[in-house]
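All ligand and atom numbering here is 1-based and tracks the order in the structure.
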Amino acid sequence: MSKPRLRFAPSPTGSLHIGGARTALFNWLWARKSGGTFVLRVEDTDVARNTRASVEAIFTALRWLGLDWDEGPSDADDDGGGPHGPYFQSKRVALYREYAERLVRSGHAYRCYCTPEDEDIARRAEADRRGVSVDKLVGWSFVSPWRDKDAELDKPYAIKLKAFAPESKELIQWKDLVLGTIKIPANSLRDEVLIRSNNPMPLYNFGCVVDDHTMAISHVIRGNDHVINTPTQILLYRALGAELPTFGHLPMLMKDESTKLSKRDGAVGVDQYDQQGYLPDGLLSYLVRFGWSFGNEELFTKAKLVELFDWSRVSKSNGIYDFKKCRVINQKFIAKIATVDELSKRVIPFLAKRELLVRDGHPRLIDAVTTVKHRADTLAALADEMDFYFRARPVIDEAAAAQLFKPDVADALDALAVFAEAAVPERDERSSPFADAKTALEDALRKKLEALALDMKVIGQPVRLALSGRTATPDLASMMLVLGPNVSALRLRDAAQRSRDAAAAT
Ligand code: GLU
């Protein structure tokens with residue numbers, strides 16, 4: 001058997017929707033799992049709504065997610081030139097025309113010279129015949145008078161598929177990878193336009209089938225909002241004498257039981273998750289649940305998903321999208337799965353947004369991330385937690401300072417500045433593991449506080465505020481280690497000074 005070929009076929013009318021990302025993920029996963037091929041095809045037939053910016057945004061989002069494609073365009077200007085290209089539908093119009101004319105010749109489709117007015121007239125006539133108003137005309141479909149005339153006129157024509165079969169008892173069926181066997185009565189279908197009279201672009205069902213067929217796609221995996229299109233597509237495969245691919249229709253991301261998730265409900269563009277500081281695999285760990293699960297496991301790297309993924313664990317029920325849950329998954333992903341190295345690289349742009357210019361390889365970066373990775377649900381929050389490490393002077397919470405920097409703590413803060421200079425090691429990448437250094441420093445700090453007869457409960461918060469400007473931070477020893485002996489001492493002395501000045505002010 002030849003290797004599976006799967007595709008993701010976005011229409012570039014906006015940024016990549018999280019539902020689209022989920023669909024891309026399942027296709028990608030099966031391609032990677034099976035050693036098959038993942039094709040990216042851009043369905044840019046809606047000239048009025050397609051934008052170049054959207055093409056670029058979709059590619060950027062897929063790359064950010066790490067869903068790399070084997071065939072397809074590399075950017076909006078470069079078609080990629082793979083063996084089944086072009087991969088932009090707008091560049092394949094000659095092919096659609098050729099296939100449509102072939103279907104006319106084989107009797108599966110026909111040239112229809114009707115105008116929209118002709119259709120209107122027929123609709124009104126039928127409404128009159130039934131004695132109802134046009135908007136109450138249900139269950140009627142326009143049957144073109146050209147359907148069985150093999151006419152070639154010198155007039156523009158649409159090409160239509162002969163699908164209308166009111167007398168048919170046939171059930172069009174397929175074994176869906178996700179939904180099981182689906183049967184749809186053939187008599188529910190209508191003749192469908194394949195190519196309009198005034199536009200060379202194909203209609204969706206036709207372009208999709210011509211491409212899936214000519215691109216040798218073996219698995220068509222998409223959202224279950226497309227189930228309704230599949231019977232017509234099956235008729236098209238039959239008309240072309242082509243083998244059917246395997247279809248799989250994945251559950252929808254819902255706002256509630258009956259409404260699809262929309263822009264109004266929150267962040268639905270993958271780019272928004274990137275901007276907010278989600279990790280790609282954190283987001284994918286949540287999105288994969290819309291169709292697949294593995295026991296109670298919640299956190300998956302892409303490599304793990306490829307290892308575990310299987311169609312037997314795929315579920316069909318639509319799921320309600322929970323923005324909070326998505327964030328919690330991302331937080332757990334940051335805390336438990338992401339490596340400190342990866343977080344260090346990814347947090348840099350978020351530090352830059354705070355005007356903290358920290359380069360990759362900065363001597364304090366890795367240690368800084370180590371101390372706060374359990375405290376952040378996004379990279380933006382991580383950057384916030386790390387802010388005081390990289391500012392020349394921390395931004396002091398003044399309300400807390402008014403409470404905590406009092407004359408009676410000044411001497412203790414000075415004494416701890418001396419301690420910091422002596423006891424806090426300078427760390428670099430060759431230093432002992434952070435946890436070991438932290439245990440040693442905690443020990444030394446405890447002994448120092450005992451020797452100075454200081455109570456951690458009393459002095460802890462002033463020291464915390466002195467080092468970070470904040471009241472909720474990692475533990476004191478961790479902060480001192482990241483800041484190093486000199487910066488720690490400087491901040492403690494600044495705070496001692498403020499504490500004495502507080503006496504002068506009162
Ligand atoms: N362009 C279609 C969409 O974005 C593709 C559907 C399909 O995968 O067949 O919904």
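Residue R222 has at least one heavy-atom neighbour below 4.0 Å for each of these atoms of ligand 1: 7 (C), 8 (O), 9 (O).
Regarding atom 8 (O) of ligand 1, its nearest protein heavy-atom neighbour is R7 NH1, 2.7 Å. Protein heavy atom closest to atom 10 (O) of ligand 1, with residue, atom name and distance, is H226 NE2, 2.9 Å. If you check which protein heavy atom lies closest to atom 7 (C) of ligand 1, you get Y204 OH, 3.3 Å. Among all non-hydrogen protein atoms, the one lying nearest atom 1 (N) of ligand 1 is E43 OE1, 2.6 Å.
Heavy atoms of C208 found under 4.0 angstrom from ligand 1 belong exclusively to the side chain.
The minimum heavy-atom distance between D75 and D77, with the atom names listed, is OD1-N, 2.7 Å.
For ligand 1, the polar-atom distance check finds no N/O of V220 at less than 3.5 Å from any of the ligand's N/O atoms.
Rounding to the nearest 0.5 Å places CD of Q233 at 8.5 Å from NE2 of H226.
At a threshold of 4.0 Å, the pair R190-E192 does not count as salt-bridged, since none of the basic side-chain nitrogens sits closer than that to a carboxylate oxygen. Ionic pairing of D322 and K325 is not present here: no N-O contact between side-chain nitrogen and carboxylate oxygen is shorter than 4.0 angstrom. In this structure, R124 does not pair ionically with D128, as no charged nitrogen and carboxylate oxygen lie closer than 4.0 Å.
In K353, the NZ atom is crowded: over 12 heavy atoms of neighbouring residues, nucleotides or ligands sit closer than 6.0 Å.
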